[in-house]
There are 2 protein chains.
Amino acid sequence: MSWRKDHRRPERGYHHGNLKEALLQAALGLIAEKGPAGFTFADAARSAGVSPAAPYRHFRDRDELLASIAQRGFEQFEAVLTKAWDDGRPDTVSAFERVGRAYLAFARNEPAYYSAMFESGVPVDVNPMLSAASERAFAIIRAAAERLAALTPPGVARPPALMMALHIWSMSHGIASLFGRGDAARRKLPMSAEDLLEAGVLIYLRGLGFPADRKPSDEAARPEPPSEPVPPRGPWGHKSAT
Amino acid sequence: MSWRKDHRRPERGYHHGNLKEALLQAALGLIAEKGPAGFTFADAARSAGVSPAAPYRHFRDRDELLASIAQRGFEQFEAVLTKAWDDGRPDTVSAFERVGRAYLAFARNEPAYYSAMFESGVPVDVNPMLSAASERAFAIIRAAAERLAALTPPGVARPPALMMALHIWSMSHGIASLFGRGDAARRKLPMSAEDLLEAGVLIYLRGLGFPADRKPSDEAARPEPPSEPVPPRGPWGHKSAT
DNA sequence: AGCTCATGTGAATAGTGTTTACATGAGGCG
DNA sequence: CGCCTCATGTAAACACTATTCACATGAGCT
């Protein structure tokens, strides 16, 4: 078996060569399997094929390892959100919803990172690097909210962008956290988490005075103020209430 | 009912007398101190003043202890929400918002229970008793959403109550989870979590076609359909956007 | 009283976290 | 080239936890 890296590189002897990275990957895999509390420092070491004491050369303790993973997670999260936002192209509203889907997709595709970031108990505010990375990720959501807030139709009070960002983030995190991953420890849903979030965000935006249908209403050439603020059908499809 | 010892001094002999309860309380205190992953079975035993093997007479393992705490948490949660809802008195909308505040208050006042319920990794669906308790708590939110959905103004499509309940729950949980507790591991906010949730719910309800101001609009004697569906000012106060 | 069994103890086994002294070998320097 | 040095990994040791076992205690029943 490959209890050492029997890859391209000539078989590693005494020295691993890239243990820090290997430990991060090993921990990531273990978190994905059993949750952020479901692995031990020794597990990570064994999974990387080194002795239990080796990780201490690279991380002060397990928390520092988790914090490193969380930081890397925030960086990837920021990249994903930035790409989804795409500076608001082709139009602000659809880009905004793309960010929401990207949020859920990240939580679903990278549950290990997401757990480390939000559910591992890592104190974000204590570590400046981690805190800054988290702030950069949130800044994407906030920037999107700013652009969206600037689009409020005339005659409607403009909402504070920060509050909007916090609301959207909270709903996204709540959905991801409660229903996002098929951990078998989560609750069943009558719809996909993505649909639930999209409907929620659409209703929320309508509550702020945005027109509800998906006409691009290209902000570069704003057509006219909406004449019917409450359209007849909502964003939740055609099912009637029970 | 006299199997109890004389409820006098905690003069404990060989037998504790109420160890199961004492272990639950001890674990609750430890969770409040160091999080749901921050205590051990032996810690709970020591904290209750018994030997490390004693807890095994009452709980199969640590997870069962956590599950018991989560179950008790869901029961208290249900009680708190039921009381806040008060069957929709005096009017549905204000009772609904009272439920939202009660949600946050529970997360804030009982962080140990809340952690055990939502952040401890306890598989809710596996344990029927736990699952049922969780379901009963959610049923309160859902029942409130049903009543609210029945109040949609005429001419507005009625939203599915389950979806409403899921949206409100998600936002409540997201806010509680991200900003709810002053754990020093949480993010700073420019407003209270309660205000953030209340504003979010009001905006959301307005998006569903509900009138936004707090006139009771007593559902028993519905006055008239709203003539101005988008009121001039929003629920977020008087601050203008940046 | 005497019995019985739920409840708690102490000891034993196994695994983990963490520290410390030691081993290895890659790269710099003569 | 040979030697030195230090980052990196190992082995051993200690403390703590999880879990189970045989055994002790005493509360409540008959």
Side-chain angles (χ1 to χ4, degrees), chain A residues 2-27 29-31 33-69 116 120-122, chain B residues 1-27 29-31 33-69 120-122:
Chain A
S2 66
W3 60 339
R4 280 296 163 76
K5 319 181 52 167
D6 48 7
H7 294 273
R8 296 277 184 256
R9 305 305 188 102
E11 88 275 359
R12 293 283 139 254
Y14 198 90
H15 287 284
H16 185 288
N18 200 7
L19 183 54
K20 186 163 188 169
E21 186 60 32
L23 285 171
L24 288 171
Q25 295 302 325
L30 291 169
I31 293 174
E33 277 180 41
K34 297 180 293 183
F39 81 102
T40 69
F41 220 30
D43 272 332
R46 180 159 354 111
S47 179
V50 294
S51 76
Y56 289 88
R57 296 289 181 196
H58 299 276
F59 303 98
R60 191 162 30 74
D61 53 16
R62 211 191 77 116
D63 283 347
E64 194 174 291
L65 171 59
L66 263 178
S68 287
I69 292 178
S120 68
V122 170
Chain B
M1 278 297 230
S2 65
W3 79 85
R4 289 269 299 144
K5 298 168 59 172
D6 294 318
H7 28 284
R8 275 197 223 169
R9 210 95 25 231
E11 170 215 351
R12 250 194 54 259
Y14 195 91
H15 286 285
H16 184 287
N18 201 5
L19 182 54
K20 186 162 187 170
E21 186 60 32
L23 284 172
L24 288 170
Q25 294 302 326
L30 291 170
I31 293 175
E33 276 181 41
K34 299 179 292 183
F39 82 101
T40 70
F41 219 31
D43 270 333
R46 187 171 26 250
S47 179
V50 295
S51 77
Y56 289 86
R57 296 290 182 197
H58 300 275
F59 303 98
R60 192 161 31 75
D61 54 16
R62 210 192 79 117
D63 284 347
E64 193 174 291
L65 171 58
L66 262 179
S68 286
I69 292 177
S120 68
V122 171

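A donor-acceptor pair is defined here as one N or O able to donate and one able to accept, closer than 3.5 Å; such a pair exists between the side chain of A:Asp61 and the backbone of A:Glu64.
Which of C:dG17, D:dT17, D:dC23 sits closest to the side chain of A:Phe41 comes down to C:dG17. The side chain of B:Tyr56 sits closest to D:dA18 out of C:dT18, D:dA22, D:dA18. Closest to the side chain of A:Arg46, out of D:dA18, C:dT19, C:dT16, is C:dT16.
As rounded to whole Å, 8 Å separates atom P of C:dT9 from atom CG of B:Leu19. Nucleotide D:dT19 holds its P atom 9 Å from the CG atom of B:Asp63, rounded to whole Å. If you measure from atom CG of A:Leu65 to atom P of C:dT18, you get 12 Å, rounded to the nearest angstrom. We find that CG of A:Asp61 is positioned 6 Å from P of C:dT18, with the value rounded to whole Å. For the pair B:Phe39 CZ and D:dC16 C1', the computed distance is 16 Å after rounding to whole Å. Across the protein-nucleic acid pair, B:Glu21 atom CD and C:dT7 atom C1' stand 17 Å apart, rounded to whole Å. Put simply, CZ on B:Arg60 is 10 Å from P on D:dT20, counting in whole angstrom units. Following rounding to the nearest Å, B:Lys34 (NZ) and D:dT17 (C1') show an atom-to-atom distance of 13 Å.
At least one cation-pi condition fails for B:Lys34 and B:Phe39: the charged atom is not both under 6.0 angstrom from the six-membered ring centre and inside a 45 degree cone around its axis.
B:Leu19 contributes atom CG, which lies 11.5 Å from atom CZ of B:Arg57 (distance to the nearest 0.5 angstrom). Interatomic distance, B:Ser120 OG to B:Ile31 CD1, rounded to the nearest 0.5 Å: 7.5 Å.
For A:Arg62 and B:Ser51, each mapped to the nucleotide of DNA chain C holding its nearest heavy atom, the one lying further toward the 5' end belongs to B:Ser51. Nearer the 5' end of DNA chain D, as judged by each residue's closest nucleotide, is the contact made by B:Ala42, out of B:Arg57 and B:Ala42.
Among the heavy atoms of the strands lying under 4.0 Å from A:Ala53 is at least one base atom, whether or not backbone atoms are also near.
Listed pair B:His58 / C:dG8 meets the phosphate criterion, a side-chain N or O lying under 4.0 Å from OP1 or OP2. At C:dG17, one or more side-chain N or O atoms of A:Thr40 fall inside 4.0 Å of OP1 or OP2 (strictly under the cut-off).
Applying the salt bridge (Lys or Arg N to Asp or Glu O under 4.0 Å) criterion to B:Arg46, with sequence neighbours excluded, gives B:Asp43.
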